[in-house]
Amino acid sequence: MSNIQKHRTTVEIYGQAYVIMGTESPSHVRLVASLVDDKMREIFFKNPNLDANKLAVLTAVNAVNDYLKIKDQLERLQAEIQKEKD
């Protein structure tokens with residue numbers, strides 16, 4: 001059995017309530033939800049004819065794109081640090 005404490009946090013994203021369960025702190029979950037909500041509203045502002053499903057997919061695509069860019073930057077920095085150590 002796992003001793004990891006799970007939290008149940010209710011958040012609102014783009015006018016919809018979601019209950020999110022996980023090991024992250026409720027404040028972290030609320031921050032993530034707030035960022036997703038902000039991104040959805042930003043995309044909708046630029047594309048007001050999008051339905052909720054397309055808006056959600058574009059938000060996910062944007063989030064994964066940002067993640068991959070940051071992951072690439074981290075890997076390059078780690079390689080530079082390793083190079084300097086050697």
Side-chain angles (χ1 to χ4, degrees):
M1 290 236 159
S2 175
N3 289 338
I4 297 173
Q5 184 178 5
K6 289 193 176 183
H7 305 279
R8 180 185 298 259
T9 307
T10 301
V11 297
E12 187 172 308
I13 301 172
Y14 205 68
Q16 294 288 319
Y18 296 90
V19 176
I20 299 176
M21 289 195 57
T23 57
E24 300 292 347
S25 71
S27 62
H28 178 81
V29 172
R30 283 190 292 273
L31 174 62
V32 170
S34 175
L35 292 171
V36 170
D37 184 71
D38 290 348
K39 182 57 83 173
M40 287 184 79
R41 291 179 189 285
E42 175 188 324
I43 292 170
F44 183 76
F45 181 75
K46 294 175 185 174
N47 303 283
N49 295 322
L50 291 174
D51 64 38
N53 288 333
K54 288 182 180 178
L55 182 57
V57 169
L58 285 175
T59 301
V61 168
N62 273 263
V64 171
N65 181 54
D66 291 346
Y67 165 78
L68 290 174
K69 286 179 181 178
I70 291 169
K71 183 180 175 204
D72 184 54
Q73 288 174 341
L74 175 61
E75 289 170 354
R76 281 188 276 122
L77 288 171
Q78 288 173 326
E80 286 178 33
I81 290 170
Q82 188 60 43
K83 201 175 194 179
E84 290 198 15
K85 284 182 179 179
D86 293 341

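Every heavy atom of this structure was used, including side-chain atoms; hydrogens, water molecules and symmetry mates were not.
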Do V29 and Y18 belong together in a cluster built from hydrophobic side chains that touch within less than 4.5 Å? yes

S34 side-chain N/O to R30 backbone N/O, donor-acceptor pair under 3.5 Å: no

Between K39 and E42, is there a salt bridge with N-O shorter than 4.0 Å? yes

Mind listing the closest non-hydrogen atom pair of L55 and F44 along with its distance? CD1-N, 3.7 Å

So which atom in D37 and which in I13 form the shortest heavy-atom distance, rounded to 0.1 Å? OD1-C, 3.6 Å

Rounded distance [0.5 Å steps], NZ in K54 versus CD1 in I43: 14.0 Å

Any chance you could measure T10, atom OG1, to M21, atom CE, to the nearest 0.5 Å? 11.0 Å

For the CG atom of L77 and the CD1 atom of I70, what is their distance to the nearest 0.5 Å? 11.5 Å

CD (Q78) and CD (E80) are apart, to the nearest 0.5 Å, by 11.0 Å

If you count the non-hydrogen atoms of other residues, nucleotides and ligands that lie under 6.0 Å from CD in E84, is the total more than 12? no

Looking at D72 and L68, would you say the former's side chain and the latter's main chain have a donor-acceptor pair under 3.5 Å? no

Might you point out which heavy atoms bring E24 and H7 nearest each other, and give the distance in Å? O-CD2, 3.2 Å

So, for Y14 and R41, which heavy atoms are closest and what is the spacing to 0.1 Å? CA-NH2, 3.7 Å

